[in-house]
Number of protein chains: 2
Amino acid sequence: MTCHIARHTGAVTAEGTAQRPASIRDVARLAGVSHQTVSRVLNQHPSIRPETRARVTDAMETLKYRPNRAARVLVTSRSHTLGILTSNRMHYGPSSSIVAIEAAARAAGYSVVTTNLSSTDPEAIDAALEHLLDQAVEGLVVIAPQTRVAAAISSLAIGVPYVTLQSEDDGSHALSVDQIAGARLATRHLLELGHRRIAHLAGPQDWSEAEARLRGFAAELAAWDVPAGEPLLGDWTADAGYRAGRELLDRGGVTAVFSANDQMALGVLSAVREAGRDCPSDLSVVGFDDMPEARHFAPPLTTVRQDFEELGRRCVALLLGRLDGGARSAAPIAPELVLRSSTAPPRAR
Amino acid sequence: MTCHIARHTGAVTAEGTAQRPASIRDVARLAGVSHQTVSRVLNQHPSIRPETRARVTDAMETLKYRPNRAARVLVTSRSHTLGILTSNRMHYGPSSSIVAIEAAARAAGYSVVTTNLSSTDPEAIDAALEHLLDQAVEGLVVIAPQTRVAAAISSLAIGVPYVTLQSEDDGSHALSVDQIAGARLATRHLLELGHRRIAHLAGPQDWSEAEARLRGFAAELAAWDVPAGEPLLGDWTADAGYRAGRELLDRGGVTAVFSANDQMALGVLSAVREAGRDCPSDLSVVGFDDMPEARHFAPPLTTVRQDFEELGRRCVALLLGRLDGGARSAAPIAPELVLRSSTAPPRAR
DNA sequence: GGCGGCGATGTGACGTGTCACATCGCGCGC
DNA sequence: GCGCGCGATGTGACACGTCACATCGCCGCC
């Protein structure tokens, strides 16, 4: 008797276990159904008799079947993957956003590939985008100098929807977290305390967050008819805040600072202390983000809190919605002012 | 005359451009070679005439060809993807590690899928691991309560190598960043300043980092023949540090604290200040990590710096090495003590 | 009683890159 | 002059889910 089936593709050979993981067809064979039926079970197709379904799921379990993502992606050409492009990832805001986005994406059946920008050179941005596109991401979240990245994206003519975490003028790629309202809140607080000479320590202006916060600051001052000086520019780091703080103290004439994030505010506090001055009596400081450490600064920092959870959820919802055509954007998330001890009325003149 | 080729799979129809992205066969057709030759060009096979290679790369460019990752993964059954499992991702150490790992992985042609643990329940851990396994990750980096995760991993019988960021006793899954040496460095510094009643504010003991730092602390004290009290346990947050700081001050009797990370140290500083005491004259504080903000704490924090870049590189190298069989581990990375103003000799008795 | 229709399942092709093997031509050695 | 070997390239199968379509049995309706 000759073996008339020369090669068969069964996973389980006569003896011993096979190396290759079980496929849909192995499951089908064990359950005594066709591979298509197994596929239907996988995809929760309604027309499957409960008894059949049970046989299939049993077979899956005994074979430790795990669907092969690559095969599914190949045939459906949907990767169910989102990409996040970040720079400055170690900062609190971006980190929180990433966590929230990842959670929301996972809940929606998507996974997330992150790439951190080591520099903001166009080449680095291109390389990072290429890397993400190689993963066939279906959408992109940009937490980075958005204007630069946007340029790279349009120059690469990427056919992938993307969103940033901030509101923007055009509104097309925008997720409405109301940075402007937050900045106005912080500024108004200082104005209401009686400050009239208020400096803004802004983030890099190619970040849309930074730009929006600056706009909000300017808008609120204008509404109160208070003149705004040139903003100081920082790079989100405490070091930059420290340098800016020193400069402000040297220059004098300012009674309050609104910093575009908490870490720069920390640097300002440190400069104030080093100069032998006091916060808040010599200089009031307001931050932005409400990082968990902010309440333990010296003094505890008055700041603006953002709801990063909600931000991440909306971000993913927006992106997935856009994948399916619908592109409406939600109402802005209102940020919240958290009062602590780093602000006080200006010292009586 | 009948059309005798009923269906052809050409990407470019008679008129207009096709929707489907170009495949290897489209490139082959345009370049006048076989699909296999294109594949060889993609894989830098040596036996390709330069002229042929040029024709192929030209065709790739005009067709904007981008290799289909899913197809490649399917056939090679190598995903070229690593998974990172984190919790507490917003903290400085983990964030830095992730960034470094991502960079190293990308440099090695791998991409990284991250998953954040919202809780440390076994179910949440299992779900996160399942999620990563669904991505067919080839290796796993665990930045989380390693003992819990390790249990989940072994219960799931995952056939994937994994590493943690810390040295461990068994050494099998360990990446040698010498936490113990770092902790000894910090402790020795306090001892050399003359402190003899030193508290340790430890991290959660199911984190191997926390456990190692505690071990280093105890070892150094033992070497100096100084008794160690019960360590305080924190959860890495500044809030926990604050609570521990209050407890220490209430209890009294301690002249120095070694905190297992900088953020908890910040909380301690804040408690000291709130109690109207002074750091360092009433209480010396040493941190761990050297986050960029540490130098702007009040007072600037003496702490232990880790080289996260190197850590990430080694982590990826170890993981990829293990994929290819070789499993040697590298020499430990030596951490470094950074002296600032939060430590001083104990006040004269 | 026959047929439309639907529920439940099966069949075969497909997508895209890679693998194993086949083929072709040419130079070299004896 | 002939065959070997190698460089360069082509051929067909394959991996594994899903899609489109086919099939089969049964119920209900006229």
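A, B, ... follow the sequence lines: proteins, then strands. Residue 1 opens every chain. The figures here come from the full heavy-atom set of this structure, side chains too, leaving out hydrogens, waters and symmetry mates. Values in this document were obtained by computation on a predicted structure and should not be read as measured data.
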Review point. Between A:R322 and A:Y162, do the side chains contain an N or O donor and an N or O acceptor separated by less than 3.5 Å?
Key: no
Review point. How close do B:R53 and B:H45 get, heavy atom to heavy atom, and via which atoms?
Key: NH2-O, 3.8 Å
Practice item. I would like to know whether B:R29 and B:D26 meet salt bridge (charged side-chain N to carboxylate O under 4.0 Å, His left out); could you show each step before the answer? Key: CA-CA 5 Å; B:R29 197 173 316 131; B:D26 300 321; 3.7 Å; yes
Check your understanding: At what angle, to 10 degrees, do the two end axes of the helix from C:dG1-D:dC30 to C:dC30-D:dG1 meet, given five pairs define each axis?
Key ->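 Axis angle across the helix from C:dG1-D:dC30 to C:dC30-D:dG1, nearest 10°: 50°.
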Exercise for review: Quick one: list whatever passes side-chain contact (heavy atoms from CB on, under 4.5 Å) with B:S79, sequence neighbours left out.
Suggested key: B:V73, B:T81, B:A136, B:E138
Review point. Is B:D134 salt-bridged to A:R66, going by a charged N under 4.0 Å from an acidic O?
Key: yes
Practice item. List in numerical order all residues of residues 44-62 of chain A for which some heavy atom is under 4.0 Å away from an atom belonging to DNA chain D. Key: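 Result for residues 44-62 of chain A: none.
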Check your understanding: Within the distance-only criterion (no hydrogens, no angle test), does the side chain of B:S77 pair as donor or acceptor with the backbone N or O of B:L74 below 3.5 angstrom?
Key -> no
Point to revise | Check: A:T147 side chain, A:D206 main-chain N or O, donor-acceptor pair, under 3.5 Å | key: yes
Exercise for review: Please identify each residue that fulfils salt bridge (charged side-chain N to carboxylate O under 4.0 Å, His left out) with A:E309, with sequence neighbours left out.
Suggested key: none
Practice item. Under 4.0 Å between any heavy atoms, over every strand shown, what does B:V33 touch: base, sugar-phosphate, or nothing? Just pick one. Key: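 Sugar-phosphate: the residue B:V33, judged by heavy atoms under 4.0 Å, touches backbone atoms but no base.
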Exercise for review: Please list all pairs passing the side-chain hydrogen bond (donor to acceptor under 3.5 Å, both in side chains) test where one or both residues lie in residues 95-105 of chain B, with sequence neighbours left out.
Suggested key: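 Non-adjacent pairs meeting side-chain hydrogen bond (donor to acceptor under 3.5 Å, both in side chains): B:E102-B:R106.
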Point to revise | Letter per nucleotide, 5' to 3', of nucleotides 17-26 of chain D [B base touched, S only sugar-phosphate touched, - untouched; heavy atoms, 4.0 Å] | key: BBBBB-----
